[in-house]
2 protein chains.
Amino acid sequence: MTATITDIAQRLKLSNSTVSKALNGYHDVSVATRELVRKTATELGYQPSAAARSLRRGRTDKIGLFLNTAITYVVDFLSGVLPGAALTAQGWGQNLLIYTITDNDPGHLLKACRAGEIDGVILFSTHYDHRTINALLEAEFPFVVMGREIADERVSYVVPDYYRGSVMAVEHLLALGHRRIAFTTRPELGTANNARLRGYLDALTSAGIAIDERLIVETRIQPFSGIEPTRQLLSLKSPPTAICAFHDLIAMDAISVAQEYGLRVPDDVSIIGFDGLRAGLITTPQITTLAQPLEYIGQRATEVVCQQIAEPDRPPVHEVVPVELIVRGSTKQYSGGV
Amino acid sequence: MTATITDIAQRLKLSNSTVSKALNGYHDVSVATRELVRKTATELGYQPSAAARSLRRGRTDKIGLFLNTAITYVVDFLSGVLPGAALTAQGWGQNLLIYTITDNDPGHLLKACRAGEIDGVILFSTHYDHRTINALLEAEFPFVVMGREIADERVSYVVPDYYRGSVMAVEHLLALGHRRIAFTTRPELGTANNARLRGYLDALTSAGIAIDERLIVETRIQPFSGIEPTRQLLSLKSPPTAICAFHDLIAMDAISVAQEYGLRVPDDVSIIGFDGLRAGLITTPQITTLAQPLEYIGQRATEVVCQQIAEPDRPPVHEVVPVELIVRGSTKQYSGGV
DNA sequence: GAAACAACCGAAAACGATTTCGGAAGATGG
DNA sequence: CCATCTTCCGAAATCGTTTTCGGTTGTTTC
């Protein structure tokens, strides 16, 4: 099929060892033959066999980013994260591969690691699985979690500052005069979500506003899953004047439900999202949101795992990156009576 | 590190060969030892080395889907395509990997193929590159192009029916009484785009309507890149009563420009998109669009490349999958005087 | 002029699996 | 009882690299 190292050796009447050393720039071989070898290598379109090389060297120079294809919205996150991650990996001489996990085969990740397909793992928030993480720790396999804070000291993560994000969102709404501020949260337990909820609660209480449990609703993060919870909120006897959604997709649903209820956004109800999605720009009105520096997150996560591959004994990294409030059209000064 | 086949052999006082055969289900080994081997294999958490196995067998059971991270909108496409592709690959015993191409390293794909990292390639529309495709053909490497029709007979592709899509869009607008129908097209040359344009032209001419060159404008497919071209259209002395955008993103831009010009959508101007994006649901009005069966496209493309891996001599597949007109709120009966 | 030293190159052993081929038992058949 | 056939297992080659360890030359040093 493709040319091997032996082909070059035979054509040049050299040994395999010399060719290999020439290609890898050892000082063990004269410049003349080195050049000669390199020339014929490109001539023959030689590309070292990944399998053979990885077998011998014991590493692959590949890191795997795992994502569950069943979860649709991860792709939004992914698109932001990918450029930073891919470029950084390249800078470290690593190859970034995206592995698709399906629900049918949860062991995929571990298998890939144990089979030596990759040298490191970037774990997407949503695949948080206790057993997986423990297995990786056990095997001392380099990995980093992206987008979710993990309670275990030993695991590295890079995560946006969800807590501050919530606080900023609520403070923004408070500054606009809102007092009845609703919050959507995810049913699953998880630190990320808790951080968001904590931020909401803290911001309200430190402003001296009592928590109204009815203003906190649960929703999953699927297309249209924000519809029903928003209806629930807007059907209250005293509905909120502002809604703090934990994701732009939910905010979009909220906007459409508001319209359904004959409410104008932002005149009658303010809505704020989270994620800074590009899609938030094309709604009417555009969504006020908290933008995560996705590209930076991708870059840092990759860096962390590459460092861990290079120096396995490094201490774990816990990085919380700041988010930014982007005020657009979906929030406005509260105009109703107090 | 992890257990090898030799570890199992030594522990059981068997030879490597026997262990290997036991694990691979050869009839060459008694049921008793087979069970024994399997039990200890799982006990030791054995996972065959991907490198060693691939080196010996000459295949990897992996196929690579390549996408350029620099292009933002491919991710919209990807999210739709991925579930189908991943599941299908699994069904064929293949592993779907996503490779990120960066602009820095255009040769990445060829390198991965020649290094034997993967057995097949799914090429994303946007990475159409003559040299790459020719190199793959030359090497007789199994691959399929997804989302773009390729002129070369020898290359397999799975592509939505852009031509029929355009025809359906125009016919829909014609049926609503529109006669001045504008069309946005991409500056790059490419069969997909030509098919769209051809559909537009054919539908109009077969309805006996003369083509007005001023109603055909070019635009790239980036956030907000549809703004300027739409302004151009609506500034005409006799502006179009309907706009046929080649992507939902462009349609969104068109809607906002229409509002900027004080025109109501769909009352004053009808707008139709392409892609069936979810985002098209949250605009006001919701966008009438032509939906591609993305999941099916992902599934079929994967199937095709898997078949080609299994039987290299199969004839190439050229599949054009039908699209579906989804009438939503952005198109309406033409109300102006004729 | 012998000894030490570079500078180059090659033989061979890995890496961990798969697969071919043959051999040693035991079972079967005539 | 010998020949033939199964059944089960192991030795060894192989995939394409990398890397260690010597072995040639030719050159320098005292």
Side-chain angles (χ1 to χ4, degrees), chain A residues 1-38 40-41 44-62 93 95 111-119, chain B residues 1-38 40-41 44-62 93 95 111-119:
Chain A
M1 180 82 87
T2 71
T4 76
I5 214 172
T6 318
D7 295 332
I8 304 179
Q10 284 180 347
R11 178 194 271 240
L12 259 47
K13 295 207 197 324
L14 287 172
S15 75
N16 281 2
S17 353
T18 309
V19 174
S20 171
K21 283 184 284 193
L23 291 173
N24 293 335
Y26 278 55
H27 287 290
D28 210 1
V29 48
S30 73
V31 275
T33 56
R34 177 153 54 209
E35 284 316 308
L36 192 60
V37 167
R38 292 206 168 145
T40 55
L44 268 59
Y46 169 75
Q47 185 71 31
S49 148
R53 162 174 280 205
S54 134
L55 177 59
R56 172 64 225 219
R57 300 170 78 163
R59 60 198 168 86
T60 60
D61 296 332
K62 296 189 204 312
N95 218 304
K111 258 188 257 172
C113 296
R114 278 204 278 258
E117 291 179 20
I118 44 180
D119 298 343
Chain B
M1 182 81 88
T2 69
T4 76
I5 214 172
T6 319
D7 296 331
I8 305 179
Q10 284 178 348
R11 178 193 268 239
L12 260 45
K13 297 209 199 321
L14 286 173
S15 75
N16 282 2
S17 352
T18 310
V19 174
S20 171
K21 283 184 284 193
L23 291 172
N24 291 335
Y26 278 55
H27 288 290
D28 210 1
V29 48
S30 74
V31 275
T33 54
R34 177 154 55 207
E35 284 316 307
L36 193 60
V37 167
R38 291 205 169 146
T40 54
L44 268 59
Y46 169 75
Q47 185 71 32
S49 150
R53 163 174 280 208
S54 132
L55 177 58
R56 172 63 226 221
R57 299 169 80 162
R59 61 197 168 89
T60 61
D61 297 331
K62 296 188 204 313
N95 217 303
K111 259 189 255 171
C113 296
R114 278 204 276 257
E117 292 179 18
I118 44 180
D119 297 344

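Per chain, numbering begins at 1; letters A, B, ... match sequence-line order. The structure presented is a predicted model; accordingly, all values stated were derived computationally and were not measured.
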Write down the distance between CZ (A/Arg59) and P (C/dG16), rounded to a whole number of angstrom. 15 Å
Can you check the B/Ile5 CD1 to C/dC15 P distance for me, whole Å? 14 Å
Taking the side chain of A/Leu55 as its heavy atoms from C-beta onward, which of C/dC15, D/dT19, C/dC9 lies nearest to it? C/dC15
A/Gln10 has an atom CD; how far is it from atom P of D/dG16, in whole Å? 12 Å
Any donor-acceptor pair under 3.5 Å between the side chain of B/Thr4 and the base of C/dA17? no
What distance do A/Gln10 atom CD and A/Asn16 atom CG have between them, rounded to the nearest 0.5 Å? 8.0 Å
Residue-phosphate contact under 4.0 Å: B/Ser49 side-chain N/O, C/dA17 OP1/OP2: no
By nearest atom, which of the nucleotides C/dT18, D/dG10, D/dT19 is closest to the B/Arg53 side chain? C/dT18
Find the distance A/Arg34:CZ to C/dA7:P and express it as a whole number of Å. 12 Å
Would you mind reporting whether B/Tyr46 and B/Leu23 have side-chain heavy atoms less than 4.5 Å apart? yes
Which residue lies toward the 5' end of DNA chain C, A/Val29 or B/Ala51, if each is placed at its nearest nucleotide? A/Val29
With no angle test and no hydrogens, is the base of C/dA11 tied to the side chain of A/Ser17 by a donor-acceptor pair under 3.5 Å? yes
To the nearest Å, how far apart are B/Leu12 CG and D/dC8 C1'? 15 Å
Taking all non-hydrogen atoms of both residues, which atom of B/Ser49 and which atom of A/Leu55 are closest, and how far apart? OG-CD1, 4.4 Å
Among D/dC9, C/dA11, C/dA17, find the nucleotide with the atom closest to the side chain of B/Pro48. C/dA17
Determine whether A/Ser30 and A/Thr33 satisfy the following criterion, side-chain hydrogen bond (donor to acceptor under 3.5 Å, both in side chains), listing intermediate values before the conclusion. CA-CA 6 Å; A/Ser30 73; A/Thr33 56; 3.0 Å; yes
Atom CG of B/Leu23 and atom P of D/dC9: how far apart are they, to the nearest Å? 13 Å
side-chain N/O B/Ser20 vs C/dT18 OP1/OP2, d < 4.0 Å: yes
Please confirm whether the shortest side-chain N or O distance from A/Tyr46 to OP1 or OP2 of D/dT17 is below 4.0 Å. yes
Closest to the A/Ser15 side chain: D/dA12, C/dG16, C/dG10? C/dG10
Closer than 4.0 Å, any side-chain N/O of A/Thr33 to the OP1 or OP2 of C/dC9? yes
Is the base of D/dG10 touched by the side chain of B/Lys21 through a donor-acceptor pair closer than 3.5 angstrom? yes
From the list D/dT18, D/dC21, D/dG10, which nucleotide is the closest neighbour of the side chain of A/Asn24? D/dT18
What's the closest nucleotide to the B/Asp28 side chain, out of C/dC9, D/dG10, C/dT19? D/dG10
Using modelled atom types only, decide if a donor and an acceptor are shared between the side chain of B/Asp119 and the backbone of B/Asp61 within a distance under 3.5 Å. yes
Is there a donor-acceptor pair under 3.5 Å between the side chain of A/Arg34 and the backbone N or O of A/Lys21? no
D/dT17 phosphate, OP1 or OP2: any side-chain N/O from A/Ser54 under 4.0 angstrom? no
Nearest-Å distance for atom pair CD1/C1', residues A/Ile8 and D/dT17: 12 Å
Select one nucleotide: of D/dA13, C/dA12, D/dT17, the one nearest the side-chain heavy atoms of B/Arg56. D/dA13
Distance check needed: C/dA11 P versus A/Leu14 CG, whole Å only. 11 Å
